[in-house]
Amino acid sequence: LVATTGGDLLGFEGKVTARGNPILESVRNIGKEFGDIVADYQVGRTTGVLFLSLRYHRLHPEYIHQRIERLGRSYNLRILLLMCDVSEHQEPIRELTKVCLINNMTIMVAWNAEEAGFYLSTYKQFEHKPPDMIKERVDKDYYSMLRTALTSISKVNKTDVETLRTSLGVGIIPFNSVLYSELSARQSFADIARASSDQLQKMPGFGQVKARRIVDAFEKPFRNSA
Amino acid sequence: MSTLLSFHKDILEKIHDPSTSELILLARGLGLRRIVCKLLQIYDSPNNLVILVSASPEEESAIGEELGILGCRKPGLRIVGFETHKKDRYVMCILPVFLIPEHAWRQNLYKKGGLISITSQILTVDMLSSDISTEMITGIVLLHAEKVTPTSAEAFIVRLFREKNRDGFLKAFSDHPEHITSGMSPLRTVLKELQIRNVHIYPRFHVEIKNSLDLKRPDLVELHQNMTEYMAEIHHAIVQCMTTTLAELKRANTALDLDDLNIDNAYFRSFDMIVRRLLDPVWHKVGPRTKQLVNDLATLRRLLTFLLTYDALAFHAYLETLIASNTTNESGAPRKNQSPWLLTDAANVIFQYAKRRCYTISASAQKALNTAPPQIELDDDEDAWAALDELEGRARVPTRSEVHGASNAPDGPQRPKWLPDGMDPVLEELPKWNLLADVLHEIEEEMMRLEPRLTSLSPGSNTTLVMTSSLRTCALVNEFLSSMDLDAPRGARARAMMERKLKTYLWFKSNFSDRKQTGKGQNTTSDGKKNRPETDAGLSEALRRKDKEKRERAANRRRVRGGAPAAPTTREGSDAQAGEDVMIQEADDIAALYAPFRVLRGNAAPQGPVEEDITLLGFESDFDAHYGLLAPQQTVLVRAYSDDADDRMLQEIQPRFIVMFEPNLEFVRRIEVRPNASDSILIYERVTEQVYRNSNPGLGVRVYFMMYRYSCEEGKYLTGLRREKESFERLIKERGSMLMPILEERRPGSGESLIKTISSRIAGGRKELSTETSCVIVDMREFRSSLPSLLHASQLLVIPVTLTVGDYILTPDICVERKSIPDLVSSFNNGRLHTQCELMSVHYKQPILLIEFEEHKSFSLEAVTDVKSYAKSSNKYPTKKKTGTAPEDNERASASIQARLVLLTLHFPRIRIIWSSSPYATAEIFRDLKSNSPEPDPAKAVVVGAEEDPEAGAGVNAVAEELLRSLPGITAKNVKHVMSKVGSVRELCDLNLPQVQDILGVEPGKACWEFIHRGERTRRIAQI
C-alpha cells in the first residue's frame, strides 16, 4: 500500500503526473493509493519519502527546500530518495547531505527509476520485518562456516579452503612416519591453526605470502600490548 | 665484503649528500640493497635520526643484518613494528619501572636517534600525535617508491614531513620501473607526491653500468629443454584456453579499447591490474560473465606456471581441486555458470593429459572386475561401486591384487604392492630433472678436471648452486636430488620419488572423495546403504577382528587405504559422518573381497619402510663413487630466488657453478654484479694464467641456464626483458620533458599549492580561509585507508586514537562509521553493521553511516551486487519480491544490499547515510559538516563504549579479530571479551571445552569448541 500525492509530483524534470510516473510503474506487488499528503510517498505509518532527481535539482535548487519545509516535523523516518542521473553528482550530494542532516532526513541514492521503485516497495514490504536479516547469523552448516572463517583471511579462496581441509599433511610428513598414521581424513580448524608456514607453503596453490597471512592471522596476538 | 662496483660508487657519490632529495630508479638485480645499506651506514650516527619507510619485514631484517656486517652494530637498525616494544617492555617490567605506554616507548626511541625502520602506518600516527618530533628527523629513506600514489600512506608521510621539516633529506628508491610506467605521466605523479625534483635512472644499458659489467661476463650456458609430449600438449591447450577466454572477454566488451590485452601480457601478474584498470569505470555494467572471464585468466596463468614447476601428480591434484571448487557453489549444489574454458575441448585435453601423466587405468583390469567378479555374494555390490567410481572419474583407490602386479609397470623392476588394481603408473617426470642430473654430472667432471690446478689461494668453493623460482620447487628439486637413481635410464631417475608421491596422492585422493561425498549430501549415502547386503556385516566382522590384531602388531604403521584404519572404530559409533560411512563401507566391502590377500599384506605393510631404507642406504654408499669425498650438502645447494638477499648468499657461498633451474632476469645480473666475481676471475686467471687463459677464457663462474623451449617460461623471460627496457626508455623520455611543472610547484611559501598538488579537486580554485584548525578524531585502524591522508590535505587536524565506537568523530555529536563497498557487503553479511549502528545510536546524537565508493570506479550500487559471489539471478528486482515468502535462510543469501540498507534505516531511523563517490568527496563533506560546530574531545571519544574493555586504546590485530569473529559462538558483543582473555586464535584452539565454555558461556562455548575441533575425535580414537 503506497500512498502518493495526487497533486504535483515534481521530482522529475518537468511535470509528471503521479499516475504516469515511471517509478510507480516499477513498483509491483504492492497496492497503490493516491491521496493528498505532504510527502511524495508514504510507505508506512511513520515513514515518508521525498523524491528528487538531481537533474531537476540542478534546474530548480529551491524546490527541495520548499518541500522539506512543508514536510515540517511529520514522520519518524524521513527519506530523501535521490536519483543520481547527472555525472557531476559530487557537489549536489555534498550540499544535500548537509541539508538532510539538519532536517533529520536520511538520504537514499538510486541510479535509475527501477531501483527507486525497488526502494519504495522494499520500504513498504519491510515495514514490520524484524532485523534478523542484517543481524548476526546464528546457525549455518559446518562447511560454510569454515569457509567464511578461512576466507576472511585475505588471499585465501575457496579452492584453498578445500585444499586446507583435505590435504594438510600431504607431502609434508614422510609417508611412513608414525605421525602419518595420526592424520585423519579431515583436518579440523584447530589442525589448520597449528600448521606451520612451511607446511602451508607445500600445499598446491600456496605461496609464501598466502602462508604467511594465514599464520599471521592465527598466531599474531589480538592486542599488541597484551 | 662490502666491495662496491664502480657504478655503485658512482651512484652513491651522486646521492649521498644529505641536503638534497632524490628518487633513484635502478634496474632490478643491480644491487639496490647494497646501495641502500651503504647509504644508511654513511648516515648512521646518534646525532642523526634517519627513518627507513615501507620496507617489508624481510627487507628490514636483511638490511639490519647487512648493516651489522658493515659495522653499524650499536644500535644498528632498529625496527618498530606492532610488537617490537614488547620485548623491551618486558625488560622494563623487571626494572622497578611501571608499565610504559607504547607510544612513550617509541618517543624514547626516537629521541635516541640512529637508524629506525618503521611501517608507514605507525609513522603516520606518530607524526600526527607528535610522538616523533618531525623537526628532529634528519631524513627519510623510502623504499618501493613505485607504490607511491596520491592517496598512499607514503605520500601522507612526505606531506607531514615537509610541512614541518624543509631541510631533511628524502631518498626514495625503486627497482620496479615497470610499475611506474602505467597511467598518465606516472613518473611525475610519483615525484610530485614525494616532492622531489631530482631523479636518477640507472637501467642496465646505462653507460657506466655497461662499462663496469661487460668486462667480465659470466660463462653462460643456455640449455633449452623440450617439454614432454604430454606437457607440450597441455601447455598448448592452456594457451588455447587463454586465447579463447581473451577473445571472449573482448567480444563481451566491444566498446572498450582492449588492445593491451594480448597473450604476451597475460603471462604476467600485472595483467590483472591492466584488466581491472580498463574495466573499472564500467565494472558495474559488465556482467558476471566478464568477471568470471577475468578470474579465469588468472587461474589459467597460474596453471601455466604450475605445469612447468609442479610434478605431474601435484599438478593433477591441483586440477582436481580446481574442478571440485568450480563445479559446486557455496551451498554444495552444482554451479549455474561455470567458467567457459572448463567446457572447451582444450580443457578436456588438459585434464586428460594431466591424468595420463600420472597413471592410466588399464582397460583389462576394468574388464576383469566387471566380467569376472569374485565368487562372493557381494559381486553386485562391487559392480555398483565400480560403476560409481567410473562415474565420478575416480581412481579405484582401495582395490589391490597381485594378479595384475608386475606385468603392468613399464620399467620399474617390480610393481609396488600398494598399487591399486588396474592402475598403471606412468609417473612422468619433469624433463628438467634429467637435465639437472646431467648438468650436475658434467659439473662434477669439470670439477675433477680442475681439481689439481686449484690452489688454496683460488677463491670460490666447489659448491654448486641450483636456483629455483620458489621454495616449493626448491623442496622438490632437493627431494629429487636426494632420491635420484643415477643408474636408471633417462626419464626414470625419479621413479622412487614419484612412486612415493603417488602413494601420498592416493591417500589424499581417498580423503578428497570422502569429502566430496559428504558435501554432496545424503542422497548417495542412503543409496549406498541400501545396496549393502546385511550378511556382509557378519562376514567381515571376523576379518576385522583379525585385522585389528595385525594392526596392533604393526604398531602405528599406517596402511595406504584412506579411511580404513578408522573403519572399525567409527563404525561402532553409529552416528559417524554419513559420507565417511560410505567410504568405510566401501573399504569394508573390499576388505571382505580380498580377505585372503589381506594376510599377505598384513606382513607387507611394516616391510615398506625397511625396503625404502635400504634403497636410501644404497644411495648413500653409491655416493662416493659419484661425488668423491665431498659431503653432499657442500656439493649441491638448492635455493629459491629471493630478491636482494641473493646477493649476500652469492657472496657467502662463492660458487663456481650455478644452475638456474628457472630463468630469472635479476639473477643473471646478480651474478654479473657479484663484486667478487671480478676479483675471482682476476685472481684465478693469475694463478692459472699460463695454462688456462687461452683454452678457458672467463672460467670464473659458469652458469647453466635452463628453460623449456617454446614454453610460457621462455616467452615470459623474453617479454620481461623487453618490458623492462621499454619502461626505462619511457621513463627517460618522460624525465626529459617533465621538469618544468615540478620546478613551478616548489616555489617558496606555497602552502596553498601544496594542497593543490594533492588534489586540484579539493581546492578547485576556491579559496577558503579557516582561521581555527578544526580537528577530526580518527580511529587508528582507519589509517589503512586513504581518507585520513585526504582529511589532512584538506587542512583538518587529524587526531589518531583508538575508538571503540565509530571510525571518525567530527563533532561531539557526530560519529561516522566508514564502510567501503566490500566492507559494507561483508558487515551486512556477518551482522557487524547492525551492532555498530546499535552502539553508535546509543552513544551519539548523530550517528552516520558513510558509504564510500572508490575513485575511478563506478559510483553505483549495482556494481555491489556481486562483489561477493553469492548466487546472482538474472534480474535482481523480481527475486526480491519472492524473498517475502521464501524461508529465512534463502532470504539472507539473496537479499540485495539495497534491501538490507532499507531494513537498516527502518530499524535505525536516526542513522544518516552519506553517499560519497570517492575519498576526496568524503573529505569535502566532512569539512562541510564540521563548519560552525564545536570541536570533538579525543579523551571523551576514547572512553565512549569502552567501559567493559579494559584495554581500550591499545592496537588491535584486525585480521585476527576478523577471523575470531567468524567463528560460531563469538558475536560482536563478546569478541572484545574473548580477545582480552585469549592471546590469539591459536591459543583459543588449544583450550579445552570447559575453558572455552568458561569464556563464552555454556552453549556458545560448546558450539565454538565443537567447530574448532570437529574431525579430531575419530583420530584420537584411532590413535588409541
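Here is the naming used below: chain letters follow the sequence lines, and residue numbers restart at 1 for every chain.
Proximity to chain A is limited to the side chain of B/Y310, based on heavy atoms less than 4.5 angstrom apart. Heavy-atom distances place no part of B/L988 under 4.5 Å from chain A, backbone and side chain included. Residue B/L833: no heavy atom, backbone or side chain, is found under 4.5 Å from chain A. Neither the backbone nor the side chain of B/L476 comes within contact range of chain A; no heavy atom of the residue lies under 4.5 Å from a heavy atom of that chain. Proximity to chain A (any heavy atom under 4.5 Å) is shown, for B/L849, by neither the backbone nor the side chain.
The heavy-atom pair separating A/Y123 from A/I79 by the smallest distance is OH-CD1, 3.1 Å.
Considering only heavy atoms from C-beta on, A/M108 comes within 4.5 Å of B/I913 through its side chain.
For A/A211, the side chain to side chain contact (heavy atoms under 4.5 Å, CB included) test picks out A/S197, A/L200, A/Q201, with sequence neighbours left out. Among residues two or more places apart in sequence or in another chain, the salt bridge (Lys or Arg N to Asp or Glu O under 4.0 Å) test is passed with A/R212 by B/E58.
Interface check for chain B: of the options A/L77, A/T47, A/I102, the most heavy-atom pairs under 4.5 Å are formed by A/L77. Contact tally against chain A (heavy-atom pairs below 4.5 Å) for B/I914, B/L964, B/I848, B/I814: the top residue is B/L964.
Aromatic ring centres of B/Y318 and B/F306: separated by under 6.0 Å.
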Could you walk me through whether B/F908 and B/H834 pass the ring-ring contact (aromatic ring centres under 6.0 Å, His included) test, one step at a time? CA-CA 9 Å; B/F908 299 98; B/H834 187 268; 5.3 Å; yes
